[in-house]
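Everything on this sheet refers to the single structure shown next.
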Protein chains: 2
Amino acid sequence: MTDNKDNALVLENFLPYRLSYLTNIISHQLAQLYTTQFDITPHEWKILAILNRYPNISAADAGERTAMDKVAVSRAVKGLSEKSLLHKIFSREDKRRSVLNLTGQGTDLFHKIAPLVTDYENALLAILTKQEQEQLSQLLDKLTHHVTTEKS
Amino acid sequence: MTDNKDNALVLENFLPYRLSYLTNIISHQLAQLYTTQFDITPHEWKILAILNRYPNISAADAGERTAMDKVAVSRAVKGLSEKSLLHKIFSREDKRRSVLNLTGQGTDLFHKIAPLVTDYENALLAILTKQEQEQLSQLLDKLTHHVTTEKS
DNA sequence: TATTTATAGTTACAAATGAAACCTGTTTCA
DNA sequence: TGAAACAGGTTTCATTTGTAACTATAAATA
């Protein structure tokens, strides 16, 4: 597969670059939606969202589901906890393992932010046809599956 | 089991999240390809690639083409320069403006790294049909155009 | 049981990043 | 002209992030 003449590498046509360019803009715009109005970081928002969806999970579980590393999770949990947005205890069966839950305030905040980000997503999707949305979803699945299962 | 009546925000279905997840993995794998073997950062690699393609451009031009901010460009240029991979002069017409070029060593390094990253891209694309590759390209264009023209 | 190995989470330190201040040189325009 | 505004690039400083070391539990094994 190394049959390329390598000056075929043109950054603006290069798939990883194009993906990264798009993603960075979207992530930044999305973060703007809540960092400006609410005192919460993107990492904290992820944890807030995953705990709304899956209560009672551990920090490790949350990291698994959000693809965040454990240090980032630990810091986000600490931040949310200090703002009284989540409640942490340790499991009685396994005292190493945390059990995380949103507080009432945390749930309230989630419900304030969620419409903002879903509106943003909807605006994005609205420029695609139903068929294109489906294509995009399948392409992302296919690529994600590839890069997560392939080993170097 | 999935009690999510309040709204539709489910992280694992959320387009910006899925995009970001995929992109982060790809960026990381890609960086591994050259950071382990060569003493060069991702920012430096971007500048190396863009200068191979467009010699004699300024730092501002390079930033424009790579979507890097000027501080990141400045540091990458400094790093490459210290490794004798690029040569910087200032324009005679406008002494503020830099004129950047790869050195012989810089060009050599580019030609070592380029096949690695294009092979990676090809392996990614190989799991898609020609038609899917075309779809992906069009979808990225459409989304990118939308998020860059819409004012935030 | 005692010893080692592994897991969950935190902390410490170093490197990367971003925002703003800071040159220096160029343009604008009264 | 000459002050003000602007543009290209660099530096500074505070924040974020990632890697590795560390604490404490739990599981494996011998």
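Note on naming: letters A, B, ... go to the chains in the order of the sequence lines (proteins, then strands), and numbering restarts at 1 for each one. The analysis underlying the following values was restricted to heavy atoms, covering all of them including side chains, and did not include hydrogens, waters or symmetry mates.
- Between B/R75 atom CZ and C/dA16 atom C1' there is a gap of 8 Å when expressed in whole angstrom units.
- Between the P atom of D/dG18 and the CE atom of A/M68 lies a distance of 10 Å, rounded to the nearest Å.
- The hydrophobic cluster containing A/F14 also contains B/L140, counting ILVMFWY residues as joined when their side-chain heavy atoms lie under 4.5 angstrom apart, directly or transitively.
- With rounding to whole Å, A/K78 atom NZ is found 13 Å from D/dT16 atom P.
- Using cut-offs of 30° and 60° on the angle between ring planes, the pair B/W45 and B/F110 is parallel.
- For the 3.5 Å distance criterion, the side chains of B/R18 and A/S137 qualify, holding a donor opposite an acceptor.
- The distance between atom CG of B/D69 and atom C1' of D/dG9, rounded to the nearest whole Å, is 12 Å.
- For B/E121 against A/P16, the heavy-atom pair with the smallest separation is CG-CD, 4.1 Å.
- The interatomic distance linking A/L100 (CG) with C/dA8 (P) rounds to 13 Å, in whole Å.
- With hydrogens and angles ignored, a donor-acceptor pair closer than 3.5 Å exists between the side chain of A/K70 and the base of C/dG9.
- Where A/K95 and A/V71 each meet DNA chain D at their nearest nucleotide, the meeting point lying more 5' is that of A/V71.
- B/E12 and B/Y17 share no side-chain donor-acceptor pair at under 3.5 Å.
- Residues from residues 30-48 of chain A lying near DNA chain C, meaning a heavy-atom separation below 4.0 Å, are absent.
- If you chain together hydrophobic residues whose side chains sit under 4.5 Å apart, B/I47 and B/V71 never meet in one group.
- In this structure, a donor-acceptor pair under 3.5 Å is present between the side chains of A/E93 and A/S91.
- Positionally, the nearest nucleotide of DNA chain C for A/V73 lies more toward the 5' end than for the other of A/V73 and A/H28.
- At a cut-off of 3.5 angstrom, counting only N and O atoms as typed in the model, there is a donor on one side and an acceptor on the other between the side-chain of B/R96 and the base of D/dA7.
- If you take CD of B/E93 and P of C/dT27, they are 11 Å apart, rounded to a whole angstrom.
- The phosphate of D/dG9 has OP1 or OP2 within less than 4.0 Å of a side-chain N or O from B/S98.
- Remark: C1' of C/dT26 and CG of B/D94 are 6 Å apart, rounded to the nearest angstrom.
- Regarding A/R92, its CZ atom lies at a distance of 12 Å from the P atom of D/dA26, rounded to whole Å.
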